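First comes the structure, then the notes that go with it.
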There are 2 protein chains.
Amino acid sequence: MSTIKDVAKLAGVSVATVSRIINDSPNVSPATRKKVERVIKEINYQPNQVARTLYQKKSRMIGIIIPDLNNRFYAQIIDGIQSILQKKGYSALISFSANSNKKNYLNFINEFQKNNIDGIITAAFDLPATLNLATPLVMYDSANIDDNVARIVSDNIKGGKDCISLLQNQATRVMIQHWPLRLPTVRERVESLVNELNKLNIPYILKKVSENDPEKAAQEVLKKSNRFDAVIAVNDIYAAEIIKEAQRRNLKIPADFQLIGYDNNVLCEYTTPTISTIDQQPKLIGQTAARRLLDLINGKKSSQNSIINVIPIKRNSTY
Amino acid sequence: MSTIKDVAKLAGVSVATVSRIINDSPNVSPATRKKVERVIKEINYQPNQVARTLYQKKSRMIGIIIPDLNNRFYAQIIDGIQSILQKKGYSALISFSANSNKKNYLNFINEFQKNNIDGIITAAFDLPATLNLATPLVMYDSANIDDNVARIVSDNIKGGKDCISLLQNQATRVMIQHWPLRLPTVRERVESLVNELNKLNIPYILKKVSENDPEKAAQEVLKKSNRFDAVIAVNDIYAAEIIKEAQRRNLKIPADFQLIGYDNNVLCEYTTPTISTIDQQPKLIGQTAARRLLDLINGKKSSQNSIINVIPIKRNSTY
DNA sequence: CTGAAAGCGCTTACAG
DNA sequence: CTGAAAGCGCTTACAG
């Protein structure tokens with residue numbers, strides 16, 4: 001790899017002048033600019049980003065933390081983040097926090113900082129109060145918490161409403177399958193569901209299920225199949241398992257009960273029946289996260305959380 | 001962020017000594033080592049990786065190129081790569097080449113090199129002969145080509161054989177749905193299928209289908225549904241679309257025809273019938289790619305391609 | 001408009 | 001075992 005010195009020597013100027021040219025400084029005569037640019041092209045000189053970073057403390061690199069790439073939801077968020085970063089000339093340093101424990105997060109942030117990243121995009125987690133991060137940071141997949149962290153929040157309130165409206169007033173008892181309420185996003189959505197049902201005077205059952213075993217979770221729900229005519233599942237995978245379990249029990253969907261998933265996984269199109277669900281627009285979540293981070297990096301602060309709209313998708317598991 | 005100078009001053013030694021200690025050099029007295037280590041812990045000093053990289057030309061960063069994160073297959077490969085890199089203390093700089101055109105690839109490689117990455121893991125593409133890469137490079141999702149590129153190759157020969165054996169000698173005419181044969185991996189697999197069928201004296205039909213429209217591809221295949229009793233689909237998504245199209249035409253699987261996918265997508269478990277398929281072990285592909293790259297970086301060369309075993313998965317779309 | 005010099009935070013010969 | 005110095009490849013005041 002050739003360096004700025006090589007260019008300077010070949011063009012017969014100082015390295016300072018070359019530096020001015022590759023940084024688009026206006027204080028260069030057109031003649032020398034032309035001369036130097038020709039040499040740059042000729043030897044295909046690429047400035048060493050590492051040296052630049054060392055001086056400028058700007059790496060044009062963003063650190064990203066994701067819980068799990070096997071989950072399409074997160075994969076699409078990354079996709080959205082990248083689509084923005086690439087356009088703006090930023091690179092992405094990506095880490096996976098398989099079990100999403102806090103220690104892992106802090107380690108990753110440390111690693112990022114060693115590499116002088118300009119900002120961090122991470123799934124929501126509790127930032128220890130002691131950690132006073134100078135690095136701009138955005139959290140996605142977060143609940144709508146009002147602190148001074150920039151949060152990208154799926155509109156869980158509307159998500160709950162949309163689920164209920166997908167039921168088309170055809171439900172008389174609703175089973176809400178959910179993950180533990182200590183998860184803030186779960187709480188937001190369940191509260192919204194409960195609110196809506198109360199408004200409509202429709203009774204409901206809350207069923208907390210395991211976080212890692214959708215098959216068992218389906219059994220837990222269908223044990224009580226005589227007590228509801230609609231199920232709102234944790235997400236699409238959980239809904240798909242409920243379909244399988246219903247087949248085993250010879251229950252028809254939506255005739256015996258309507259079923260609603262969450263996330264609009266590709267899967268929804270291929271089950272029988274296809275699954276009505278809520279699209280969280282993960283790509284848009286990612287894009288929004290990236291835009292907000294770049295804003296923060298460029299000094300544009302805004303204390304508001306970004307609320308991302310959700311879209312109900314009607315398929316054959318509801319009327 | 002504190003620097004090596006801060007540590008040196010606080011510990012009353014030179015920066016050279018501090019450097020020796022953070023690099024585990026043996027030539028340091030236990031007393032000074034202890035003294036310095038205490039300071040390091042006290043002020044939570046983290047060496048600046050960027051400065052280290054500038055001097056050493058080793059960044060402990062790997063550049064990774066993926067065609068598409070929305071495809072679970074690639075997402076799992078990344079997962080495998082990361083699991084190894086993280087263990088070895090490497091970071092991953094990731095780029096997405098949405099349309100996988102060659103120019104994109106070369107741009108990404110350029111970007112990587114500006115950041116002094118130590119090596120590259122990329123999906124297979126034609127390296128221009130002019131490009132003489134000094135950087136270690138490994139290609140995954142590649143055909144078994146014999147040049148001096150380190151390639152990670154799915155065992156497409158066995159993949160073809162496994163498809164045929166999933167049919168359990170119950171097929172008399174086989175429809176092979178495939179992408180264009182100009183794709184080397186496609187060619188490998190189709191050749192293997194044809195070989196096997198010839199050996200067994202089973203007639204077959206080759207049907208080339210669109211690369212982007214699985215639904216249309218399903219229609220193209222089922223137009224000829226009276227002419228076969230087994231379909232080997234491009235992959236699991238294509239197989240799932242064939243199931244949907246068969247439902248529309250009131251055809252039963254496997255009674256009217258057996259069906260085989262490829263990739264072992266989660267989807268396979270949730271269709272009716274569930275889909276028999278071939279698992280390419282994408283996580284293992286990723287792990288192998290990472291291991292081979294680290295070997296290359298550490299000077300352990302091997303001209304052989306790594307062949308990754310595939311695993312047939314029997315479900316209900318075959319007998 | 002241009003160049004010599006200092007400095008970003010490290011590492012590593014070199015000398016002692 | 002330890003430190004002063006040079007250097008990795010850049011950028012940016014400073015002086016002219």
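Everything numeric in this text was worked out from a predicted model, so none of it was measured. Chain identifiers are assigned alphabetically (A, B, ...) following the order of the sequence lines, protein sequences preceding nucleic acid strands; residue numbering begins at 1 within each chain.
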- Message: From the set dT11(C), dA4(D), dC10(C), return the single nucleotide nearest to any side-chain atom of Asn48(B).
- Response: dC10(C)
- Return the nearest nucleotide to the side chain of Leu54(B); candidates are dT11(D), dT11(C), dC8(D). dC8(D)
- Counting any heavy atom closer than 4.0 Å, what does Asn27(A) reach on the DNA or RNA strands: base, sugar-phosphate only, or nothing?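 Base: the residue Asn27(A), judged by heavy atoms under 4.0 Å, touches a nucleobase.
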- When you measure from the side chain of Asp279(B) to the backbone N and O of Gln281(B), does any donor-acceptor pair fall under 3.5 Å? yes
- Query: Would you find a donor on one side and an acceptor on the other, under 3.5 Å apart, between the side chain of Ser154(B) and the backbone of Asn156(B)?
  - Reply: no
Just N and O in the side chain of [X]: are any of them under 4.0 Å from OP1 or OP2 of [N]?
{"X": "Thr32(B)", "N": "dT2(D)", "answer": "yes"}
{"X": "Tyr55(B)", "N": "dC10(D)", "answer": "no"}
{"X": "Arg20(A)", "N": "dT2(C)", "answer": "no"}
{"X": "Asn23(A)", "N": "dT11(D)", "answer": "yes"}
{"X": "Ser14(B)", "N": "dG3(D)", "answer": "yes"}
{"X": "Ser29(A)", "N": "dT2(C)", "answer": "yes"}
{"X": "Tyr45(B)", "N": "dG9(C)", "answer": "no"}

- Message: Atom NZ of residue position Lys5(A) - does it have more than 12 heavy atoms of other residues, nucleotides or ligands inside 6.0 Å?
- Response: no
- Message: Counting neighbours of CG on Asp146(B) that are heavy atoms of other residues, nucleotides or ligands and sit closer than 6.0 Å, is the number greater than 12?
- Response: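 Incorrect, the count does not exceed 12.
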Write down the distance between [atom1] ([X]) and [atom2] ([N]), rounded to a whole number of angstrom.
{"X": "Lys57(A)", "N": "dC10(D)", "atom1": "NZ", "atom2": "C1'", "value": "12 Å"}
{"X": "Ile22(A)", "N": "dT2(C)", "atom1": "CD1", "atom2": "P", "value": "16 Å"}
{"X": "Lys35(B)", "N": "dT2(D)", "atom1": "NZ", "atom2": "C1'", "value": "11 Å"}
{"X": "Lys58(A)", "N": "dT12(D)", "atom1": "NZ", "atom2": "C1'", "value": "14 Å"}
{"X": "Met1(B)", "N": "dG9(C)", "atom1": "CE", "atom2": "P", "value": "11 Å"}
{"X": "Arg33(B)", "N": "dC1(D)", "atom1": "CZ", "atom2": "C1'", "value": "11 Å"}
{"X": "Gln46(A)", "N": "dC10(D)", "atom1": "CD", "atom2": "C1'", "value": "15 Å"}
{"X": "Gln56(B)", "N": "dC10(C)", "atom1": "CD", "atom2": "P", "value": "12 Å"}

Check this for me: does any side-chain nitrogen of one of [X] and [Y] sit under 4.0 Å from a carboxylate oxygen of the other?
{"X": "Lys35(B)", "Y": "Glu42(B)", "result": "no"}
{"X": "Arg20(B)", "Y": "Asp24(B)", "result": "no"}
{"X": "Lys34(B)", "Y": "Glu37(B)", "result": "no"}

- Item | Heavy-atom pair with the smallest gap, counting every atom of Thr3(B) and Asp6(B) | N-OD2, 2.7 Å
- Query: Taking only Watson-Crick and G-U wobble pairs with both distances under 3.5 Å, what dot-bracket line describes DNA chain C, where [ ] shows pairs that cross earlier ones and | shows pairs with another strand?
  - Reply: |||.||||||||.|||
- Query: Taking the nucleotide of DNA chain C with the closest heavy atom to each, which residue, Val28(A) or Ser2(B), is nearer the 5' end?
  - Reply: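 Here Val28(A) is the residue nearer the 5' end.
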- Query: Toward the 5' end of DNA chain C, which comes first, Val13(A) or Thr3(B), by nearest nucleotide?
  - Reply: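 That would be Val13(A).
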- 5' priority, DNA chain D, between Ile4(A) and Pro26(B) [closest heavy atom]: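 It is Pro26(B) whose nearest nucleotide is closer to the 5' end.
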